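Everything below concerns the one structure shown next.
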Amino acid sequence: MSTVEHTIKLYNSLKGQKEEFKPLHPGYVGMYVCGPTVYSDVHLGNCRTFTSFDIIYRYLMHIGYKVRYVRNITDVGHLTDEGEDRMSKGARVAQLEPMEVAQKYTVGFHDMMRIFNTLPPSIEPRATGHIPEQIKMVQDIMERGYGYERNGSVYFNVRKFDQENPGVYGNLSGRVLDDLLAESREGLKSQGEKDNPVDFAIWMKARSGDIMVWESPWSVGFPGWHLECSAMSTKYLGQTFDIHGGGNDLKFPHHENEIAQNLGSCGCTPANYWLHANMLLLNGKKMSKSDGNTITPMELFTGESPFVTKGYSPMVVKFFMLMAHYRSTLDITDEALQAAEKGFRRLMETNSILQKMDPHTADFDGSESDTDRTILRLIDEAYAGMDDDFNTAIALATLNELGSYVHKLANQQLDHTEVAPWVLERLKTIFNAFIFDIFGLNDEADGGDDGTVDGLMQLILDIRAAARAQKDWGTSDKIRDGLAAVGIAVKDGKEGTNWTKG
RNA sequence: GAGCAUGUAGUCAAAUGGACAAAAGGCGCCAGAUUGCAGAUCUGGAGGUGCGGGUUCGAUUCCUGCCAUGCUCUCCA
């Protein structure tokens with residue numbers, strides 16, 4: 001039984017267009033997202049990808065889906081440009097056990113995901129914990145004739161796969177196999193033991209010095225990089241599932257090879273919908289360690305970077321990400337972050353004003369005003385934005401428009417009777433839902449306070465109000481300036497005096 | 001070198017084959033209201049579809065060339 005009333009449209013990379021989302025089982029969604037390779041600190045770009053999919057996860061749940069969200073940890077098999085396992089290399093460099101490296105960066109990754117207030121996935125499987133499943137998949141692929149062994153390593157026969165499944169390989173990334181073959185023809189001489197340069201390893205025989213190795217029917221070795229996602233998505237979501245996500249840069253070859261492996265092992269397409277989050281830029285350029293155009297999440301938070309004039313809190317960074325659509329590149333600039341900081345604070349304050357409002361039931365005449373209709377229309381627009389490929393930019397813009405009604409009410413520029421009690425209640429519910437449940441923001445300003453500060457502030461502001469009543473501006477301003485010095489902003493309004501921290 | 005994307009005010013960014021009041025929204029800027037002042041808030045305003053060609057009654061949107069930027073591939077597991 002499905003209770004989901006929303007029709008979601010999402011951009012399917014497989015088709016290159018938006019289409020209506022139809023889950024395999026009504027009311028349920030299976031979603032797999034390629035997680036990090038834990039051999040170094042998490043990259044800011046990864047934070048965007050996982051934040052984007054966290055919001056997709058949250059939204060699907062919000063509208064009533066039961067979602068199983070699987071996001072893996074890759075801790076073996078992903079090789080560096082020099083052909084060394086990334087985990088092993090990390091271990092060698094730091095003189096640690098590979099599992100120590102994996103543990104260190106997995107913990108760091110989890111910490112960062114918590115800092116960004118993302119929900120943990122339903123299942124977070126590790127590649128090293130699924131070696132038997134991966135070996136089984138290699139066997140299945142070989143049985144179906146798409147794998148061949150060379151000196152203890154096993155390769156996936158891309159050309160044969162393409163001949164028997166025309167149009168599949170390259171479809172996701174918009175590549176033509178013949179072009180790939182032609183391009184790599186020059187490299188024929190150095191293709192090693194592969195029959196064809198486009199073939200890829202699904203099992204690698206260990207070389208001397210490799211430390212992360214397992215027994216297999218072919219050799220002591222380790223699984224190929226792309227295999228773990230195929231094996232683990234199959235294990236936890238089934239041979240065919242709804243959504244597969246990841247960063248845009250994984251489209252080729254990683255996701256293309258994943259599809260080939262799944263089809264090659266069981267003859268079935270893995271995911272119906274492929275979603276790809278786009279890249280983060282820094283000052284209009286790609287982030288790159290080699291030319292110094294890069295910033296880590298921690299540097300962004302602390303402000304210890306030449307690219308920012310100050311630190312920006314995790315929620316500000318997250319809010320900044322929400323201002324763009326997940327499928328667009330997003331350019332990080334100091335100015336844009338400052339804008340996001342103000343926008344975020346404003347939205348949170350608007351919400352806190354809204355949540356304190358009482359509906360005016362006493363003098364409500366039961367009619368529906370133009371304001372009511374506008375508010376309801378804007379709420380629908382916010383949902384319509386999210387329904388249309390999770391467009392957080394539209395949802396956010398709509399919340400801002402709704403916010404101006406909140407302030408008009410608070411300033412008595414709009415009469416309370418203009419908003420029906422039930423409309424106000426709905427507005428309050430929707431604001432909380434979008435900000436906290438869907439976007440996963442949190443109010444950093446009121447964290448960890450037991451009410452002492454509230455009490456103190458009340459006392460101080462009472463004293464100041466008394467001074468102001470006497471037109472004692474000296475005392476009034478001394479209090480305001482003193483509080484400003486410790487980071488508390490005092491704002492006088494029609495309804496009395498407000499204060500905010502930060 | 002190849003494939004695929006993207007290019008929207010000062011800035012980040014959304015949307016759209018048209019007309020409407022009107023190409024969202026955030027930040028910045030200007031003016032007014034409010035205020036003891038400041039802030040916040042409200043109202044109003046200035047400012048934009050990279051360059052050229054094509055399709056169309058009409059193009060920011062579709063096609064195409066150029067330029068710029070990005071991703072992937074070009075060596076390999």
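In what follows, chains carry the letters A, B, and so on, assigned in the order in which the sequence lines appear, proteins first and then strands, with residues in each chain numbered from 1. Predicted, not measured: the structure shown is a model, and the values here were computed from it.
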*Pairing nucleotide - B:G52, Watson-Crick or G-U, each distance under 3.5 Å*: B:U64
*Does any nucleotide pair with B:A59 by Watson-Crick or G-U wobble geometry, both distances under 3.5 Å, and what is it?*
none
*Which part of the nucleic acid does A:Phe344 contact within heavy-atom distance under 4.0 Å: base, sugar-phosphate only, or nothing?*
nothing
*With a 4.0 Å cut-off on heavy atoms, is A:Ala339 in touch with a base, just the backbone sugar-phosphate, or nothing at all?*
base
_Nucleotide B:U72, atom C1' - distance to CG of A:Asn248 in whole Å_ = 9 Å
*P spacing across the pair B:A23 / B:G45, given as an integer number of angstrom*: 12 Å
*asked:* So, OP1 or OP2 of B:A77: does either fall under 4.0 Å of a side-chain N or O from A:Lys194?
replied: yes
*asked:* Using a 4.0 Å heavy-atom cut-off, does A:Ser476 contact any base of the nucleic acid, only the sugar-phosphate backbone, or nothing at all?
replied: base
*Nucleotide nearest A:Thr333 when distance is taken to its side chain, options B:U11, B:G26, B:U72*: B:U11
*For A:Glu19 and A:Tyr273, does a side-chain donor sit closer than 3.5 Å to a side-chain acceptor?*
no
*Inter-nucleotide C1' distance (B:G52, B:A68), Å rounded*: 15 Å
*Classify the nucleic acid contact of A:Ala324 as base, sugar-phosphate or nothing, counting any heavy atom under 4.0 Å across all strands shown.*
sugar-phosphate
_Under 3.5 Å side-chain donor-acceptor pair for A:Thr333 and A:Asp331_ = no
*Where the side chain of A:Met204 is concerned, which of B:C73, B:A13, B:A77 is the nearest nucleotide?*
B:A77
*Centre of A:Phe431's six-membered ring, under 6.0 Å away, within 45 degrees of the axis: is that where NZ or CZ of A:Lys428 sits?*
no
*Counting only distance, no hydrogens or angles, is the base of B:G10 paired donor-acceptor with the side chain of A:Glu335 under 3.5 Å?*
yes
*asked:* By nearest atom, which of the nucleotides B:U72, B:G25, B:C12 is closest to the A:Asn400 side chain?
replied: B:G25
_Per A:Glu349 side chain, nearest of listed nucleotides B:G36, B:C42, B:A40_ = B:A40
*Without hydrogens or angle criteria, can the side chains of A:Asp334 and A:Gln338 be said to hold a donor-acceptor pair below 3.5 Å?*
yes
_So A:Glu341, base contact, sugar-phosphate only, or nothing? Heavy-atom distance under 4.0 Å._
nothing
*Is there a donor and acceptor pair closer than 3.5 Å between the side chain of A:Arg480 and the base of B:A38?*
yes
*asked:* Of the listed nucleotides (B:G25, B:U41, B:U72), which one gets closest to any side-chain atom of A:Gln413?
replied: B:U41
*Distance between the P atoms of B:U69 and B:C12, in whole angstroms?*
15 Å
*Rounding to the closest angstrom, what is the interatomic distance between B:A22 and B:G44 at atom P?*
10 Å
_Identified pairing partner of B:A5, criterion: Watson-Crick or G-U wobble below 3.5 Å_ = B:U69
*Would you tell me if any nitrogen or oxygen in the side chain of A:Lys251 comes within less than 4.0 Å of OP1 or OP2 on B:G3?*
no
*Between B:A5 atom C1' and A:Asp331 atom CG, what is the distance in whole Å?*
16 Å
_d(CZ, A:Arg345; P, B:G39) in whole Å_ = 17 Å
*Return the 5'-most residue of the pair A:Met287, A:Phe320 with respect to RNA chain B, ranking by each residue's nearest nucleotide.*
A:Phe320
*Separation of A:Arg464 atom CZ from B:G36 atom P, in whole Å?*
12 Å
_Donor-acceptor side-chain pairing of A:Thr329 and A:Asn278 below 3.5 angstrom_ = no
_P gap between B:C75 and B:U6, integer Å_ = 28 Å
*asked:* Taking the minimum atom-to-atom distance to the side chain of A:Tyr155, which one of B:C42, B:A77, B:C12 wins?
replied: B:A77
*asked:* Rounded to whole Å, please give me the gap between NE2 in A:His325 and P in B:A15.
replied: 7 Å
_Any strand: nucleotide that pairs with B:A31 via Watson-Crick or wobble, under 3.5 Å_ = B:U43
*Which is true for A:Leu337 with a 4.0 Å heavy-atom rule: it touches a base, it touches only sugar-phosphate, or it touches nothing?*
nothing
*asked:* Quick check, does A:Phe200 stack with B:A77? I mean ring centres under 5.5 Å and planes off by under 30°.
replied: no
*In whole Å, what is the span from the NE2 atom of A:His254 to the P atom of B:A77?*
18 Å
_Any strand: nucleotide that pairs with B:U16 via Watson-Crick or wobble, under 3.5 Å_ = none
*Got a donor-acceptor pair under 3.5 Å from the side chain of A:Asp477 to the base of B:G36?*
yes
*Report which part of the nucleic acid A:Val176 touches: base, sugar-phosphate, or nothing (heavy-atom distance under 4.0 Å, all strands).*
nothing
*Give A:Ser404 one of three labels, base, sugar-phosphate or nothing, depending on what nucleic acid heavy atoms sit under 4.0 Å from its own.*
sugar-phosphate
*For salt bridge (charged side-chain N to carboxylate O under 4.0 Å, His left out), just list the numbers for A:Glu341 and A:Lys310, CA-CA rounded to whole Å, side-chain angles, deciding distance to a tenth of an Å, and then say yes or no.*
CA-CA 11 Å; A:Glu341 181 168 60; A:Lys310 51 171 290 207; 2.5 Å; yes
*In terms of side-chain heavy atoms, does A:Tyr326 have a donor or acceptor partner in A:Asp389 at a distance below 3.5 Å?*
yes
*Could you check how far CG of A:Leu409 sits from P of B:U41, rounded to whole Å?*
15 Å
*Under 4.0 Å between a side-chain N or O of A:Lys342 and OP1 or OP2 of B:G28?*
yes
*Please determine, by modelled atom types, if A:Ser305 and A:Glu299 share a side-chain donor-acceptor pair under 3.5 angstrom.*
no
*Sticking with atom C1', work out how far B:U61 lies from B:G48, rounded to a whole angstrom.*
15 Å
*What interatomic distance, in whole Å, is found between P of B:U72 and the corresponding atom of B:U16?*
28 Å
*Check every strand shown and say whether A:Arg346 touches a base, only sugar-phosphate, or nothing at a heavy-atom separation below 4.0 Å.*
sugar-phosphate
*C1' gap between B:G1 and B:U60, integer Å*: 32 Å
*asked:* From NZ of A:Lys286 over to P of B:C73, roughly how many Å is that when rounded to an integer?
replied: 11 Å
*Toward the 5' end of RNA chain B, which comes first, A:Gly284 or A:Gly174, by nearest nucleotide?*
A:Gly174
*Could you tell me whether the side chains of A:Glu228 and A:Thr74 share a donor-acceptor contact shorter than 3.5 Å?*
yes
*Among B:G25, B:U11, B:U69, which nucleotide sits nearest the side chain of A:Lys285?*
B:U69
